[in-house]
Amino acid sequence: MPQTEKPGTEAAARTRLRWWTELPLILLVYSCYTAGRLLARGDTGTAVDHGLAILRIEKALHLNAEHPLNRLFTREAWLGVPADFWYASLHYLVTPAILVFLFRKRAEIYRRARTWLMTSTFIGLIGFTLLPTCPPRLLDVKYGFVDTMAQYSSYGWWGGDASAPRGMGGMTNQYAAMPSLHCGWALWCGVMLWRHGGNRLTKVLGVAYPLLTAIVVMGTANHYFLDAVAGVVVMGVGYLLAPYVMRAAELVRVRITPGASLVAARSDGAGSPIVSAGCQTSAGERIPSQRESRLAAAAEPDASPSDAGDGAPAPAR
C-alpha cells in the first residue's frame with residue numbers, strides 16, 4: 001500500500017523559515033531604507049522651516065523636553081558620550097539581535113514581527129520624503145541646541161555629521177528627523193522583549209530600552225519630542241497593516257510559485273478526516289474498517305442473521 005504524508009506536513013514545509021531567504025530580505029529592506037534616506041534629501045530651507053514649525057507646535061503645547069536634556073548632555077560628558085554611542089550604534093545591534101532571537105526561538109511569531117518592522121520602516125521612508133525636517137542640532141545656534149555628536153566626536157568613530165563615520169557625512173540624509181525610527185525601532189524591540197523575552201529582566205529591558213532611546217535622541221539634539229511621538233505612531237500603523245501585507249505577500253507567492261496553490265489547498269484541508277488513507281475504493285465497496293467491524297460482529301455467538309452480513313446462510317433449526 002503506498003505511503004501517504006501525514007496531514008499538515010505540506011503546510012509545515014510551506015511555512016518553514018530559511019535563514020538564506022530571510023537574510024537577503026532583511027538586507028534588501030535595510031538597503032531600501034538607506035537609499036530612501038539619501039534620495040529623500042529635501043531643500044534645506046524647507047527642512048529648516050519644518051523643524052521650526054515643530055518647535056512652535058511644541059511651544060504651544062508647553063512641551064520642551066529637548067532643551068533641558070541637551071543642556072545636561074552637553075554639560076556632563078559622562079552622560080553625553082554614552083548617549084552618543086547609544087545613538088550611533090545600538091539600533092544597529094539590538095534590532096538585528098532580537099530578529100535573530102525570534103527566528104531561532106520564536107519562529108511561530110517571527111514572520112509577523114518581521115513584517116511589522118519592515119512595514120513600519122517603509123512608512124517612515126514616506127515621512128522622510130514628504131516631510132524633510134531639520135533636526136535641532138542643525139538649527140541656528142540662537143535656538144539653543146548643541147550638537148553633542150560634534151562636541152564629543154573625538155571619543156567615537158563619528159565626525160561632525162550626525163552618526164556617520166568620519167568622512168562619510170555626505171552619504172547620509174541629515175534632514176530625515178521626522179519620524180524618529182530610532183524611537184520606532186526601539187519600541188518594536190521593547191514589545192518583543194516584553195512579550196517574548198521569558199523573564200523579568202527582559203521585561204524591564206523592554207520598558208527601559210525605548211524610554212532611554214527617546215531621552216537619548218532628544219538629549220543629543222538629533223530629534224524633537226514630536227519626532228519620537230511620530231515614530232510611535234508609525235509603528236502603530238505598521239502593526240495594523242502587517243496582517244494585510246502578509247496576506248498580499250502570500251497571494252503574490254502563490255501566483256509566482258509553481259504548485260503553491262495546490263499546497264495551500266492541501267494544507268487548508270489538513271484537518272478533514274481521511275477516509276481511505278490514500279487508497280481508493282470501487283463503487284459500492286464498503287470502507288475496509290466498516291467491513292471488518294461487520295465481520296467481527298458476525299463472529300460473535302449471539303449474532304443474528306442480519307448481523308452476519310448480506311448473503312449469510314441461515315442458522316440450522
Side-chain angles (χ1 to χ4, degrees), residues 17 22 26 29-30 33 63-121 123-124 148-149 152 155-156 158 163 177 179-243:
L17 299 171
E22 288 297 313
I26 294 173
V29 172
Y30 181 75
Y33 165 73
L63 301 173
N64 186 24
E66 302 94 332
H67 279 104
L69 286 172
N70 184 236
R71 286 193 294 266
L72 177 63
F73 285 15
T74 301
R75 185 176 63 250
E76 305 291 343
W78 64 276
L79 288 175
V81 173
D84 287 341
F85 274 98
W86 185 298
Y87 181 83
S89 60
L90 278 196
H91 65 293
Y92 292 117
L93 301 175
V94 176
T95 311
I98 292 179
L99 276 171
V100 171
F101 167 77
L102 293 175
F103 180 84
R104 293 177 59 86
K105 304 296 185 181
R106 297 288 189 273
E108 68 278 4
I109 59 96
Y110 166 81
R111 196 185 302 275
R112 163 113 190 206
R114 173 255 285 158
T115 305
W116 174 21
L117 180 65
M118 293 180 178
T119 303
S120 302
T121 299
I123 296 174
T148 63
M149 302 291 292
Y152 300 121
Y155 290 88
W158 57 86
S163 58
S180 171
L181 286 186
H182 270 77
C183 291
W185 289 351
L187 175 63
W188 179 89
C189 293
V191 172
M192 294 300 110
L193 288 171
W194 177 272
R195 296 185 61 185
H196 308 293
N199 56 58
R200 183 172 299 179
L201 175 60
T202 56
K203 290 185 181 295
V204 172
L205 293 175
V207 174
Y209 181 60
L211 290 179
L212 291 176
T213 298
I215 293 173
V216 163
V217 300
M218 290 186 288
T220 57
N222 279 284
H223 289 282
Y224 307 94
F225 174 75
L226 291 182
D227 292 345
V229 173
V232 172
V233 172
V234 162
M235 295 307 297
V237 175
Y239 178 83
L240 295 177
L241 292 179

[X] versus [Y], closest heavy-atom pair with distance:
X      : Y      : answer
Gly238 : Ser120 : CA-OG, 3.3 Å
Gly190 : Pro210 : CA-CD, 4.2 Å
Thr220 : Phe73  : N-CD2, 3.9 Å
Asn70  : Gly219 : ND2-O, 2.9 Å
Gly206 : Leu193 : CA-CB, 3.8 Å
Tyr209 : Trp86  : CD1-CZ2, 3.6 Å

Within-4.5 Å side-chain heavy-atom neighbours: Leu93 and His91: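 Contact flag for Leu93/His91 side chains = no.
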Side chains of Thr202 and Asn199 in contact at under 4.5 Å (non-hydrogen atoms):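 Yes, close enough: below the 4.5 Å cut-off.
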Using 0.5 Å steps for rounding, measure from the [atom1] atom of [X] to the [atom2] atom of [Y].
X      : Y      : atom1 : atom2 : result
Cys183 : Met218 : SG    : CE    : 7.0 Å
Phe103 : Ile109 : CZ    : CD1   : 12.5 Å
Ile98  : Trp188 : CD1   : CH2   : 5.5 Å
Ser180 : Leu226 : OG    : CG    : 11.5 Å
Tyr110 : Phe101 : OH    : CZ    : 13.5 Å
Leu187 : Met192 : CG    : CE    : 9.0 Å

Residues, nucleotides or ligands: over 12 heavy atoms within 6.0 Å of Tyr239 OH: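 Check fails, neighbour count at 12 or below.
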Phe225 CZ: over 12 foreign heavy atoms closer than 6.0 Å: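 No - once you tally the heavy atoms of other residues, nucleotides and ligands closer than 6.0 Å, there are 12 at most.
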His223 and Tyr87 aromatic ring geometry - parallel, tilted or perpendicular at 30°/60° bounds: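 Correct class here is tilted.
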Identified side-chain contact (heavy atoms from CB on, under 4.5 Å) partner of Asp84 from the options Thr148, Asn222, Leu79: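 It is Thr148; the other options fail the test.
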Member of Thr95, Leu90, Leu205 meeting the side-chain contact (heavy atoms from CB on, under 4.5 Å) criterion with Cys189: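 Between Cys189 and the candidates, side-chain contact (heavy atoms from CB on, under 4.5 Å) is satisfied uniquely by Thr95.
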Distance-only donor-acceptor check, side chains Trp185 and Thr121, under 3.5 Å: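 Yes.
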Heavy-atom donor-acceptor pair, Thr119 side chain to Trp116 backbone, under 3.5 Å: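 A pair under 3.5 Å: no.
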